[in-house]
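Just below is one structure, and these are the notes that go with it.
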Amino acid sequence: MAQLFTNNADSSTDVDITPASTIIILIAGEGATFASPAGADYQIATLSDGNLFEIIKITSKTADALTVVRAQEGTAALAWAAGSLLFAGTTAGTITYLVGLIGTNTSAIGTNTSAIGTNTSAIGTNTSA
């Protein structure tokens, strides 16, 4: 399972979304900016009307139709009107995920100590971060 990322992915919803909806239809042609998850891969995105926010997990994409898991990272599944913004931005959960990857790959730092040279002690004191 891997989190996928794309630059500048944003769109507007084409139809209303109920709190129980698991398919989000985007404006025609705008689905191309989002990742195409397969298997257990996913992309994190945020729905917003400018005042309220809901973080979702995109689990698959077919053209402009996204299959999603709603109410991620402590947000609630809300009703969204057509024209609501959907964007793939950085979330607290994404940062936590990335920090976790760094923590699980400390052996990569160890294998590169000869290239780092005089800074090996700095790496040794920061492996827990």
Side-chain angles (χ1 to χ4, degrees):
M1 168 170 56
Q3 184 171 348
L4 306 176
F5 303 93
T6 54
N7 290 324
N8 307 314
D10 70 337
S11 181
S12 296
T13 59
D14 195 38
V15 297
D16 292 347
I17 303 167
T18 70
S21 297
T22 58
I23 304 290
I24 295 176
I25 307 298
L26 304 177
I27 300 295
E30 294 187 3
T33 61
F34 291 88
S36 296
D41 294 346
Y42 63 93
Q43 182 174 24
I44 296 294
T46 301
L47 284 161
S48 177
D49 64 3
N51 294 310
L52 300 172
F53 299 89
E54 178 186 346
I55 299 172
I56 63 170
K57 184 184 288 189
I58 301 167
T59 57
S60 70
K61 177 181 82 170
T62 303
D64 300 313
L66 308 176
T67 301
V68 301
V69 178
R70 304 285 302 275
Q72 299 297 292
E73 297 185 32
T75 62
L78 303 172
W80 298 96
S84 295
L85 176 65
L86 178 70
F87 62 95
T90 303
T91 67
T94 297
I95 298 300
T96 301
Y97 168 79
L98 294 173
V99 168
L101 288 178
I102 293 167
T104 60
N105 289 312
T106 55
S107 63
I109 293 170
T111 60
N112 292 318
T113 55
S114 62
I116 294 169
T118 59
N119 293 319
T120 55
S121 63
I123 289 173
T125 59
N126 291 319
T127 55
S128 63

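Note that this is a predicted model, so its numbers are computed, not measured.
- Linking Ile, Leu, Val, Met, Phe, Trp and Tyr residues whenever their side-chain heavy atoms come within less than 4.5 Å places Ile44 and Met1 in a single cluster.
- Between Pro19 and Ala77, the shortest heavy-atom distance links the atoms O-CB, 3.4 Å.
- When all heavy atoms are compared, the tightest approach of Tyr42 to Lys57 is CB-CG, 3.4 Å.
- Between Ile56 and Leu86, some side-chain heavy-atom pair lies under the 4.5 Å cut-off.
- Between Thr33 and Asn8, the closest heavy-atom pair is CB-O, 4.4 Å.
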Atom pairs and distances, donor-acceptor, side-chain atoms in residues 90-102, under 3.5 Å, two or more places apart:
| residue | atom | partner | partner atom | Å |
| --- | --- | --- | --- | --- |
| Thr91 | OG1 | Glu73 | OE1 | 3.2 |
| Thr91 | OG1 | Glu73 | OE2 | 2.8 |
| Thr91 | OG1 | Gly93 | N | 3.4 |
| Thr91 | OG1 | Thr94 | N | 3.1 |
| Thr91 | OG1 | Thr94 | OG1 | 3.0 |
| Thr94 | OG1 | Gln3 | NE2 | 2.9 |
| Thr96 | OG1 | Ala92 | O | 3.0 |
| Tyr97 | OH | Gln3 | N | 3.3 |

*asked:* Set out, in order, the CA-CA distance, both residues' side-chain angles and the distance that settles side-chain contact (heavy atoms from CB on, under 4.5 Å) for Leu78 and Leu52, then state yes or no.
replied: CA-CA 9 Å; Leu78 303 172; Leu52 300 172; 4.1 Å; yes
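- Closest heavy-atom contact between Ser48 and Asn51: OG-N, 4.4 Å.
- Among residues at least two apart or in separate chains, side chain to side chain donor-acceptor pair (under 3.5 Å) pairs with a member in residues 74-88 are Glu54-Trp80.
- Contact record, Ala9 with Thr6: CB-OG1, 3.3 Å, taken as the closest heavy-atom pair.
- Looking at heavy atoms from C-beta onward, Leu26 lies in side-chain contact with Ile24 at the 4.5 angstrom threshold.
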*In sequence, state the C-alpha distance, the side-chain angles, and the governing distance for Arg70 and Ile17, and then conclude on side-chain contact (heavy atoms from CB on, under 4.5 Å).*
CA-CA 11 Å; Arg70 304 285 302 275; Ile17 303 167; 3.5 Å; yes
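- Here the side chain of Asp64 pairs no donor or acceptor atom with the backbone of Ile25 at under 3.5 angstrom.
- A side chain to side chain contact (heavy atoms under 4.5 Å, CB included) with Leu47 holds for exactly one of Thr13, Ile55, Val68; it is Thr13.
- Other members of the cluster containing Phe87 are Leu85, with ILVMFWY side chains joined at under 4.5 Å, either directly or via other members.
- For the pair Lys61 and Phe34, the cation-pi test (distance below 6.0 Å, angle within 45°) is failed.
- Asp16 places a side-chain N or O within donor-acceptor distance of the main-chain N or O of Ala82, the cut-off being under 3.5 Å.
- Across all their heavy atoms, Ala76 and Ala71 have their closest contact at C-CB, 3.9 Å.
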